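Here is the structure we will look at.
This structure is a prediction, so every number in the text was calculated from the model and none was measured. The figures that follow rest on heavy atoms only: side chains count, while hydrogens, waters and symmetry mates do not. Numbers here are sequence positions counted from 1.
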Amino acid sequence: MMKKFLLGSLFALTMACGAAVAQEGEKTGSRREPDPSVLRDPVLEADSKKNLKVAQHYFKLKKAYRAAFMRAEEIIAGNPNFSQIDEAYYIAGMSHLRLSRKQGSQPPSLKPEQHREEARVLLSRLVNEYPDSEFRKEAEKELATVGGLIRTENQ
């Protein structure tokens with residue numbers, strides 16, 4: 001129970017931090033990447049890349065969607081300025097979506113409707129904040145199956 005509370009709190013904090021990053025990106029006219037004046041911690045960037053590789057492995061090869069979304073959400077929570085954050089949103093969102101459909105090698109950790117809503121939030125964030133992402137079209141297609149895009153207040 002405590003673990004769920006901590007993860008939920010960390011996710012909420014990440015969402016708030018991500019909104020600030022998105023607003024800063026709007027000021028500079030770039031939403032794909034954070035403001036270039038934002039310095040990335042090379043150790044944190046390397047750790048996030050390692051976690052992304054593991055998440056990709058779980059997602060693509062093992063079909064271990066619960067493990068994949070946990071790794072991706074760790075990146076989102078811990079490094080909102082990560083250079084490949086759009087892929088982390090994609091993996092997390094698609095993993096939740098597939099768990100809602102009871103696909104993969106691991107059992108769902110939430111009720112199907114909770115996984116669907118998590119998928120909708122994460123994929124909407126990808127579409128809204130990273131319009132040039134290579135994962136956008138697939139995210140939009142899948143969003144149509146779960147209630148559509150959640151628009152941000154800026155749109």
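- Side chain of S105 to backbone of K63: a donor-acceptor contact under 3.5 angstrom is found.
- Distance CG/N79 to CG/D47: 8.5 Å, rounded to 0.5 Å.
- Salt bridge status for E140 with K137: absent, with no side-chain N to carboxylate O gap under 4.0 Å.
- Taking both residues in full, the closest heavy atoms of R116 and S100 are given as CG-OG, 3.4 Å, listed atom of the first, atom of the second, then distance.
- For A72 against A55, the heavy-atom pair with the smallest separation is N-CB, 4.2 Å.
- Screening L122, V121, L126, N128 for a side-chain contact (heavy atoms from CB on, under 4.5 Å) involving S124 leaves a single residue, N128.
- Checked against the 6.0 Å centroid criterion, the rings of Y65 and F59 qualify as a close aromatic pair.
- Taken together through direct or relayed side-chain contacts under 4.5 Å among Ile, Leu, Val, Met, Phe, Trp and Tyr, M94 and Y58 form parts of separate hydrophobic clusters.
- When each of E129, E73, R125 is tested with Y89 by the rule side chain to side chain donor-acceptor pair (under 3.5 Å), just one qualifies, namely R125.
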Subject >> Step-by-step side-chain contact (heavy atoms from CB on, under 4.5 Å) determination, I91 to L52 >> reply: CA-CA 9 Å; I91 290 173; L52 183 62; 3.9 Å; yes
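- We find the OG-CD distance between S109 and Q114 to be 9.0 Å, quoted to the nearest 0.5 Å.
- Contact detail for S48 and I75: the closest heavy-atom pair is O-CD1, 3.6 Å.
- In this structure a side-chain-to-backbone donor-acceptor pair under 3.5 Å is missing from R120 to I150.
- When all heavy atoms of P108 and R66 are compared, the pair lying nearest together is O-NH1, 4.1 Å.
- For the pair E87 (side chain) and Q84 (backbone), a donor-acceptor distance under 3.5 Å is absent.
- Using bins of under 30°, 30° to 60° and over 60° for the plane-to-plane angle, the ring pair F69/H115 lands in the perpendicular bin.
- A 4.5 Å side-chain heavy-atom check between S83 and K49 finds at least one atom pair inside the cut-off.
- Between K62 and H57 there is a side-chain heavy-atom pair separated by less than 4.5 Å.
- Looking at E142, its side chain never comes within 3.5 Å of a backbone N or O of L97 through a donor-acceptor pair.
- There is no side-chain donor-acceptor pair under 3.5 Å between R40 and N81.
- If you take CD on E118 and NE2 on H96, they are separated by 5.0 Å, rounding to the nearest 0.5 Å.
- Cluster membership for I76 and V54, using ILVMFWY side-chain heavy atoms within less than 4.5 angstrom, is not shared.
- Side-chain contact between R136 and P131 is present, with heavy atoms from C-beta onward closer than 4.5 Å.
- Scanning all heavy atoms of the two residues, the minimum distance from V127 to A139 falls at CG2-CB, 3.8 Å.
- Atom CG of N51 sits about 8.5 Å away from atom CZ of F82, to the nearest 0.5 Å.
- Using a 4.0 Å cut-off between a side-chain N of Lys or Arg and a carboxylate O of Asp or Glu, R101 and E113 do not qualify as a salt bridge.
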